[in-house]
Amino acid sequence: EVPSALAARAEKLHAEGKPFKVTLFSGASTGDSCDGALARAQAVSLRMPYQSNASLRKSINSGEIKYIDAHLGKMGYLVRTGALPAPTVAIVEVSAILSDGRVCLSTSGGNSVTYLEMAPKIILELNTRLGDAFMGIHDVALPELPPHAKPLPIYGAGDRVGAEFVKIDPNKVIAVVETSRLDEVNPFVEPDEVSTNIGERILDFICFEERKGRLPKGLAFQSGVGKVANAVLSAMSDDARLGQIDLYTEVIQEAVFPLLKKGKLGVASGTALTLSENAQKEFVENSAEWKKHLVLRQQEVSNSPDVIRRVGVISMNTALEADIFGNVNSSLVSGSAMMNGIGGAADFARNCYLGIFLTPSVAKNGAISSIVPYVSHVDQTDHDTMVFVTEQGLADLRGLPAEKRARLIIENCAHPDYREPLTDFLDYSLKH
């Protein structure tokens with residue numbers, strides 16, 4: 001409600017010839033009533049750290065809005081340490097307000113606790129539609145700041161170390177705005193043939209590694225956002241080889257519902273629950289049982305390198321493009337046009353037990369190869385990538401020198417139409 005009102009105010013002031021723009025910090029992406037409405041109203045001067053809105057993306061790429069693309073796990077830390085200015089107003093949706101000044105967050109943890117602590121003014125949006133659906137889901141804790149910071153004792157996806165509610169200073173609350181809106185999330189898209197193929201290849205590989213004794217059972221899974229990532233989770237729900245699984249991830253997507261319904265989900269830990277409108281309604285109806293399997297954390301915890309390493313995570317993230325030497329571009333189309341941002345992929349890829357990057361081998365109906373000689377922009381270097389998967393095949397790059405990595409990626413992951421020119425490039429580069 002508040003961002004939409006801010007956008008309307010900006011349009012009115014602009015019509016009167018008066019300036020009005022805000023700097024917008026978030027956890028990650030927001031709905032169209034925030035990112036989209038404010039961008040179309042020309043009301044944003046600077047945005048950080050991640051977005052996925054078409055209107056905002058257009059303004060970023062035109063230069064109208066300045067954008068800082070940042071690792072999501074670092075955003076709250078930068079604000080808490082003063083490297084970034086504290087927000088002047090924190091606008092946070094809650095599902096309940098208690099009489100003693102505590103609040104229950106709603107569908108995300110994000111950086112809410114940091115913003116509520118650091119901002120001198122707070123606006124709470126109380127979502128009356130949610131009822132008690134999110135009571136007990138949140139684990140409110142932040143890592144200690146150095147020096148001599150003690151580790152958070154999280155050893156498994158379901159471990160809790162904090163409180164269920166956030167204690168705020170009631171004197172900072174300047175407004176409580178009621179809302180009954182659902183989150184604005186794109187409808188769930190059923191996996192297509194390519195995505196399903198990629199998902200099955202990943203599960204075949206994981207089961208093979210377990211049989212060989214190279215992959216211990218009981219590791220948690222992390223899944224990035226998007227159609228291909230959803231396909232992997234959907235494949236898990238149908239795979240008889242997999243027993244009950246845990247997720248230690250950033251965004252908990254709608255694809256966990258089949259796992260829940262089939263009794264295959266132990267615990268899903270993340271920083272946000274992103275569901276389509278129908279799925280949100282279904283969750284509220286079944287929350288008494290389903291929320292026993294969910295933990296929502298602050299982003300500094302969900303993306304903590306320390307915790308990711310200790311839990312032991314099989315990380316699966318989507319690449320825009322990957323090159324034959326193992327570098328990944330996950331943020332900039334053609335190296336210059338921002339898509340969404342780096343997000344939390346690097347938080348997990350650098351610190352996971354096993355890291356997998358997945359992408360269809362071609363884009364634009366085959367006109368563009370997703371496997372290229374050199375990526376146009378580097379988000380994850382070859383030092384942090386382990387396994388590449390396309391619908392063509394899988395390349396396990398661990399322990400391989402550069403040339404062997406390149407030939408394996410070309411042979412197993414590139415589309416047949418592009419294998420010859422990629423091989424020609426590699427052979428030429430080795431000679432020159």
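What you are looking at is a predicted structure, and each value in this text was computed from that prediction instead of being measured. We use all heavy atoms of the structure for the numbers below, so side chains are in, but hydrogens, waters and symmetry mates are not.
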Residues in side chain to side chain contact (heavy atoms under 4.5 Å, CB included) with Val79, at least two apart?
Phe25, Met75, Leu84, Pro87, Thr114, Tyr115, Met118
Mind checking salt bridge (Lys or Arg N to Asp or Glu O under 4.0 Å) for Arg160 and listing every partner two or more places apart, or none if nothing turns up?
none
Tell me, please, which residues at least two apart from Thr318 pass side chain to side chain donor-acceptor pair (under 3.5 Å).
none
Could you grab the distance from atom CD1 of Ile314 to atom CG of Leu215, nearest 0.5 Å is fine?
4.5 Å
Is the number of heavy atoms from other residues, nucleotides or ligands under 6.0 Å of Lys404 NZ greater than 12?
no
Counterpart residues, salt bridge (Lys or Arg N to Asp or Glu O under 4.0 Å), relative to Asp347 (two or more places apart):
none
Applying salt bridge (charged side-chain N to carboxylate O under 4.0 Å, His left out) as the test, list every pair that has at least one member in residues 370-391; sequence neighbours left out.
Arg350-Asp384
Contacts of Ala402 that satisfy side chain to side chain contact (heavy atoms under 4.5 Å, CB included) - sequence neighbours left out:
none
Residue pairs passing the ring-ring contact (aromatic ring centres under 6.0 Å, His included) test with at least one member in residues 393-420, sequence neighbours excluded, are none
Would you say that Glu210 contacts Ile206 through its side chain, given a criterion of any heavy-atom pair below 4.5 Å between the two side chains?
yes
Going by salt bridge (Lys or Arg N to Asp or Glu O under 4.0 Å), name the residues that satisfy it together with Glu300, two or more places apart in sequence or in a different chain.
Arg80
Check the surroundings of atom NZ in Lys58: do more than 12 heavy atoms from other residues, nucleotides or ligands lie under 6.0 Å from it?
no
List for me each residue that meets side chain to side chain donor-acceptor pair (under 3.5 Å) alongside Glu282, sequence neighbours excluded, and say none if there are none.
Lys261
With no hydrogens and no angle check, is any side-chain donor or acceptor of Glu200 less than 3.5 Å from a backbone partner on Val232?
no
For Phe283, does the CZ atom sit with more than 12 other heavy atoms under 6.0 Å from it, leaving out its own atoms?
yes
May I ask you to decide whether Arg398 forms a salt bridge with Glu209, counting only side-chain N to carboxylate O separations under 4.0 Å?
yes
If you apply the rule side-chain contact (heavy atoms from CB on, under 4.5 Å), what do you find for Val44 with Lys66, and how did you get there?
CA-CA 8 Å; Val44 180; Lys66 303 304 178 185; over 6 Å; no
Contacts of type side chain to side chain contact (heavy atoms under 4.5 Å, CB included), residue Glu285, not counting sequence neighbours:
none
Residue set satisfying side chain to side chain contact (heavy atoms under 4.5 Å, CB included) with Ala7, at least two apart, ordered chain then number -> Ala37, Leu38, Ala41
Distance-only donor-acceptor check, side chains Gln380 and Thr385, under 3.5 Å
no
When you check the side-chain N and O atoms of Ser106 and Asn127, is any donor under 3.5 Å from an acceptor?
no
Quick one: pull up CG in Asp427 and OG1 in Thr423 and give me the separation to the nearest 0.5 Å.
6.5 Å
Can you list every pair that meets ring-ring contact (aromatic ring centres under 6.0 Å, His included) and has a residue in residues 318-366, with sequence neighbours left out?
Phe325-Tyr374
So if I apply the side-chain contact (heavy atoms from CB on, under 4.5 Å) rule between Ile91 and each of Leu24, Leu124, Val2, Val177, which one comes out positive?
Val2
If the threshold is 4.0 Å, N to carboxylate O, is there a salt bridge linking Asp35 and Arg47?
yes
